[in-house]
Amino acid sequence: MSTASAPAGRRTPIRPARILLHTFLVVTSLAWLAPLLWALLAAMRPYAETSEKGYVSWPDRLTLDNFTQAFQQSDMLHYLGTTLLISVPAVLLTLLLSSMVAFYVSRFDFRLNLALLLVFTAGNLLPQQVIITPLYRLYLLIDLPGITMSGKLYDSALGLVLIHVAFQSGFCAFVLSNYMRSLPHELTEAALVDGASVWRMYAQIVLPLCKPAMAALATLLSIWIYNDFFWAIVLISTGENMPITSALNNLSGQYFTDPNLVAAGALLTAIPTLIVYFALQRQFVSGLTLGASKG
């Protein structure tokens with residue numbers, strides 16, 4: 001009895017296009033990792049060695065002294081606490097407000113539905129540098145006695161939280177609204193027939209189904225807000241109130257800067273973002289790929 005199938009154990013030939021694809025991916029990955037690996041190598045080498053042999057040389061000795069010195073000299077724990085005081089409320093408020101907007105524009109039909117979503121999304125198209133001057137003057141004019149240490153919205157963690165919420169809500173509302181539109185309308189219609197209020201449909205039906213998308217956005221927001229330095233420079237004047245990205249300034253002297261020490265400090269500041277990513281990695285990937293196979 002003959003068979004037309006290929007013999008068992010015969011391997012499918014690898015196509016040249018697949019080889020080129022994997023080669024491109026490997027080269028691209030190495031190109032992205034090269035600066036990080038270079039910074040790690042510099043951070044683990046004493047400055048005396050690199051000043052004598054140069055950075056393009058084989059190290060004689062690797063040490064963690066730069067990391068210890070950078071952590072102590074930059075007062076990193078203080079700046080980390082300041083950054084968390086800004087990042088955590090900003091992320092939570094952004095997700096809460098943008099999910100409310102997304103729920104309203106995706107679950108209810110009205111004449112200004114699309115226009116409202118476009119207004120939120122258009123905020124991300126405005127360059128931040130354009131509004132520096134009017135926003136700076138506005139922050140100086142708003143008095144908040146007893147609420148902030150400075151007595152104004154300027155030079156306060158609240159000011160940074162509000163500007164991050166304002167600029168990130170548009171993108172999050174756009175992403176969440178598209179995700180919520182893919183959810184079956186029968187869910188909310190059945191809840192409405194059973195007498196559920198709008199708030200209950202939002203909080204107990206739609207929002208729990210959006211956990212993958214919310215986790216993906218939470219990861220992106222945490223990284224973006226944590227790494228922000230632009231708004232901190234503009235809206236903060238007191239060094240102690242600045243986020244952790246400013247801690248690297250404490251590693252630079254007036255007449256001399258140790259690049260190895262700065263590299264160690266930069267790697268230390270990146271650790272919290274890596275923790276957030278790995279903690280939400282599964283939800284982050286699933287949130288990005290959901291809907292890719294829906295037709």
Side-chain angles (χ1 to χ4, degrees), residues 28-44 64 66-96 98 124 128 157 159-172 175-176 211-236 239-252 259-289:
T28 304
S29 300
L30 292 177
W32 277 97
L33 290 175
L36 177 62
L37 297 177
W38 195 281
L40 180 60
L41 178 63
M44 298 183 67
L64 298 178
N66 285 329
F67 290 97
T68 304
Q69 185 178 353
F71 183 83
Q72 297 174 350
Q73 184 175 331
S74 64
D75 195 12
M76 195 159 293
L77 277 181
H78 168 75
Y79 288 100
L80 179 60
T82 304
T83 304
L84 293 178
L85 187 62
I86 298 170
S87 301
V88 174
V91 171
L92 295 179
L93 277 176
T94 302
L95 292 177
L96 175 63
S98 59
N124 293 95
Q128 299 177 355
L160 286 182
V161 170
L162 293 179
I163 195 61
H164 285 309
V165 171
F167 265 91
Q168 303 298 341
S169 294
F171 171 76
C172 294
V175 173
L176 288 175
K211 286 183 179 179
M214 297 280 282
L217 289 174
T219 306
L220 293 175
L221 288 175
S222 300
I223 296 174
W224 291 342
I225 297 175
Y226 179 89
N227 290 329
D228 174 73
F229 188 60
F230 176 79
W231 288 117
I233 286 293
V234 176
L235 302 178
I236 297 292
E240 294 182 354
N241 296 337
M242 299 190 74
I244 195 171
T245 48
S246 64
L248 298 179
N249 289 336
N250 296 338
L251 303 178
S252 301
N260 299 42
L261 193 64
V262 174
L267 291 175
L268 287 176
T269 59
I271 291 178
T273 59
L274 293 177
I275 294 176
V276 171
Y277 173 76
F278 286 117
L280 300 175
Q281 181 181 13
R282 180 178 301 177
Q283 292 83 359
F284 177 71
V285 175
S286 62
L288 293 181
T289 55

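Scope of the values below: all heavy atoms of this structure, side chains included, with no hydrogens, waters or symmetry mates.
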Is there a donor-acceptor pair under 3.5 Å between the side chain of S169 and the backbone N or O of A166? no
Backbone of T269 reached by a side-chain donor or acceptor of Y226 within 3.5 Å: yes
Criterion side chain to side chain contact (heavy atoms under 4.5 Å, CB included) on H164 and T94, from CA distance to verdict: CA-CA 8 Å; H164 285 309; T94 302; 5.7 Å; no
Looking at [X] and [Y], what are the two nearest heavy atoms and their distance?
| X | Y | value |
| --- | --- | --- |
| A39 | A263 | O-CB, 3.8 Å |
| L84 | P89 | O-CD, 3.6 Å |
| F67 | L40 | CZ-CD1, 4.2 Å |
| A70 | S74 | O-OG, 2.6 Å |
| D228 | P243 | O-CG, 4.1 Å |
| N260 | N66 | CB-ND2, 3.7 Å |

Please indicate whether E240 has more than 12 foreign heavy atoms, meaning atoms of other residues, nucleotides or ligands, lying under 6.0 Å from its CD.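 Check fails, neighbour count at 12 or below.
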Are L36 and L267 close enough that some pair of their side-chain heavy atoms sits under 4.5 Å apart?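 Of all side-chain heavy-atom pairs linking L267 with L36, at least one is under 4.5 Å.
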Euclidean distance, [Y] [atom2] relative to [X] [atom1], rounded to 0.5 Å:
| X | Y | atom1 | atom2 | result |
| --- | --- | --- | --- | --- |
| Q73 | T68 | CD | OG1 | 12.0 Å |
| I244 | I86 | CD1 | CD1 | 11.0 Å |
| L162 | L93 | CG | CG | 8.0 Å |
| S87 | I223 | OG | CD1 | 11.0 Å |
| I163 | Q168 | CD1 | CD | 10.0 Å |
| I225 | L220 | CD1 | CG | 10.5 Å |

Checking L85 against V161 for the side chain to side chain contact (heavy atoms under 4.5 Å, CB included) test, could you report, in this order, the C-alpha distance in whole Å, the side-chain angles of both residues, the deciding distance, and whether it holds? CA-CA 9 Å; L85 187 62; V161 170; over 6 Å; no
Verdict with reasoning, F171 to W224, per side chain to side chain contact (heavy atoms under 4.5 Å, CB included): CA-CA 12 Å; F171 171 76; W224 291 342; 3.8 Å; yes
Can you list the residues that meet the side chain to side chain donor-acceptor pair (under 3.5 Å) rule with Q128, with sequence neighbours excluded?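 Side chain to side chain donor-acceptor pair (under 3.5 Å) list for Q128, sorted by chain: W231.
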